[in-house]
Amino acid sequence: VKTAGLRVIVTGGGSGIGLAIARRLAQANTVAIVGRDPVKLREAQRQDPALRAQVLDVSNEASASAGVTSVGAELGGIDMLVNAAGMVVGFDPVGPNSAALAERDMQVNFLGSLRMVRLCLPYLQESTQGAVVLISSAMAIAPAPGFAVYSASKAAVHSLARSLRRELRSLKVYEVQPTWVDTGPTRDMNISKLDARVVAEKLIVGLAADRDEIGVGQTGAVRFASRLSNRLAEALVARATRG
Ligand SMILES: NC(=O)c1ccc[n+]([C@@H]2O[C@H](COP(=O)([O-])OP(=O)(O)OC[C@H]3O[C@@H](n4cnc5c(N)ncnc54)[C@H](OP(=O)(O)O)[C@@H]3O)[C@@H](O)[C@H]2O)c1
């Protein structure tokens, strides 16, 4: 797929991986970042004035619909959706309050991704370059200890990417699967982490090579291990998560 001259919307573009991708893509494309917090969006724009910004909550139909319409009008169309909005939170899946936490995280990570694809679809289908990028994780392949719901939400995103690739044949569907990345939610995890800019660079390389699944970090090893044994893949992810 082309990686220049596109009109791109990046969810979760106010921080972390989404912001790194937005900045990288903005070198050769028109990019709008969207998220809930206007302060974060303004700060990102201050640092990179080429970025457009729009407040949008992917877990709320009315907000997401209005936000997509507004971005579509401002950019004069949308060629690429990058779904980086996500909640990276570990909690006991059967502990107190787990029902509410699980619902919140699935709303953003899975249903939010699906909602954004649906709302952007009319624009993407108008484009000759229509493409969707979903950010899942190595934990889509093997779950991380302490992150049961997060891992399940990413496995759901992985499955969704595969289905969309088959069912929306007019669109390109890419999935980025990083191992742990150094961003706000992982700040206190004393483990080896990727730089978010590495994820952005790998995405550009993967798009140019038209690679459906773009692994970053040790994801290739996790994928290979999972073909031999689930337990081996889980052990690799556990080691990466516990340090
Ligand atoms: N960090 C890692 O180790 C890692 C590894 C693999 C994959 N990932 C994935 O990468 C993506 C980005 O994560 P990150 O590590 O960069 O964390 P982050 O800095 O916290 O980024 C997440 C972004 O999502 C936005 N967001 C959250 N809920 C939202 C909602 N309801 N509507 C719109 N935007 C929302 C947040 O902005 P607002 O709060 O302003 O809405 C924030 O900018 C996630 O999908 C995550 O699962 C992360």
Side-chain angles (χ1 to χ4, degrees), residues 9-24 32-45 51 53-68 71 81-90 101 103-116 119 133-144 146-147 149-158 160-161 175-200 202-203 213-219 222 237 240-241 243:
I9 178 169
V10 182
T11 75
S15 66
I17 295 172
L19 179 57
I21 290 173
R23 281 199 183 130
R24 179 64 183 83
I33 53 173
V34 301
R36 294 166 304 177
D37 182 355
V39 177
K40 252 193 248 179
L41 296 175
R42 269 200 299 275
E43 175 57 21
Q45 271 188 312
L51 295 173
Q54 170 68 46
V55 172
L56 183 162
D57 181 346
V58 300
S59 67
N60 180 291
E61 181 71 20
S63 164
S65 174
V68 168
V71 169
L81 162 66
V82 179
N83 253 307
M87 301 295 295
V88 188
V89 186
L101 293 175
E103 198 169 321
R104 179 199 64 186
D105 293 358
M106 288 304 280
Q107 265 296 342
V108 178
N109 296 2
F110 176 62
L111 295 174
S113 298
L114 179 56
R115 173 175 289 115
M116 289 303 294
L119 293 173
V133 177
L134 299 175
I135 313 291
S136 70
S137 161
M139 284 96 222
I141 302 162
F147 290 84
V149 171
Y150 176 70
S151 301
S153 76
K154 292 294 168 176
V157 170
H158 170 57
L160 178 67
E175 180 190 352
V176 185
Q177 303 170 328
T179 45
W180 291 113
V181 183
D182 193 10
T183 59
T186 60
R187 192 165 294 137
D188 295 335
M189 293 172 71
N190 193 17
I191 52 170
S192 162
K193 289 174 270 187
L194 298 162
D195 190 308
R197 285 169 297 191
V198 172
V199 180
K202 291 279 183 188
L203 170 62
E213 293 181 2
I214 302 165
V216 192
Q218 298 305 307
T219 303
V222 175
V237 171
T241 304

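Here, residue 1 is the first one in the sequence, and each next residue gets the next number. In each ligand, atom 1 is the first atom listed, and ligand 1 is the first ligand listed.
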Which residue and atom name correspond to the protein heavy atom nearest [atom], and how close is it?
atom: atom 45 (O) of ligand 1; value: Lys154 NZ, 2.9 Å
atom: atom 44 (C) of ligand 1; value: Ala84 O, 3.3 Å
atom: atom 32 (N) of ligand 1; value: Val58 N, 2.9 Å
atom: atom 38 (P) of ligand 1; value: Lys40 NZ, 3.4 Å
atom: atom 7 (C) of ligand 1; value: Ser136 O, 3.1 Å
atom: atom 47 (O) of ligand 1; value: Tyr150 OH, 2.7 Å
atom: atom 15 (O) of ligand 1; value: Thr183 OG1, 2.6 Å
atom: atom 34 (N) of ligand 1; value: Ala85 CB, 3.6 Å

Looking at residues at least two apart in the chain, or sitting in another chain, which of them share a salt bridge (charged side-chain N to carboxylate O under 4.0 Å, His left out) with Arg36?
->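 In terms of salt bridge (charged side-chain N to carboxylate O under 4.0 Å, His left out), with neighbours along the sequence ignored, Arg36 is linked to no residue.
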Please work out whether any backbone atom (N, CA, C, O) or any side-chain heavy atom from C-beta onward of [X] is under 4.0 Å from ligand 1, and answer side chain, backbone, both or neither.
X: Pro185; value: side chain
X: Lys193; value: neither
X: Asn60; value: neither
X: Leu56; value: backbone
X: Val88; value: side chain

Under 4.0 Å from a heavy atom of [X]: give me the atoms of ligand 1 that qualify, with their elements.
X: Asp57; value: 30 (C), 31 (N), 32 (N)
X: Gly35; value: 33 (C), 34 (N), 41 (O)
X: Ile135; value: 9 (C), 10 (O)
X: Ser59; value: 31 (N)

How close do Leu51 and Ala44 get, heavy atom to heavy atom, and via which atoms?
->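 In this case the closest contact between Leu51 and Ala44 is CD1-O, 4.0 Å.
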Sub-4.0 Å heavy-atom approach of Thr179 to ligand 1 |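 Heavy atoms of Thr179 do come under 4.0 Å of ligand 1.
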Evaluating non-hydrogen atoms only, which member of Thr11, Leu194, Ile17 is closest to atom 4 (C) of ligand 1?
->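 When every heavy atom of Thr11, Leu194, Ile17 is considered, Ile17 comes closest to atom 4 (C) of ligand 1.
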From Ser15, Gly12, Ala44 - option closest to atom 21 (O) of ligand 1 by heavy atom =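 Selected option, by shortest heavy-atom distance: Ser15.
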Can you tell me how far the CD1 atom of Ile9 sits from the CE atom of Met116, to the nearest 0.5 Å?
->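 Nearest 0.5 Å value for the CD1-CE distance: 4.0 Å.
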Working to the nearest 0.5 Å, report the span between CH2 of Trp180 and CE of Met139.
->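 Result: 4.5 Å between the selected atoms.
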Regarding Ser153 and Asn109, is there a side-chain donor-to-acceptor distance under 3.5 Å anywhere?
->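 Asn109 and Ser153 do have a side-chain donor-acceptor pair below 3.5 Å.
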So, Ser137 versus Gln177: side-chain donor-acceptor pair below 3.5 Å or not?
->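 The criterion, which ignores hydrogens and geometry beyond distance, is not satisfied for Gln177 and Ser137.
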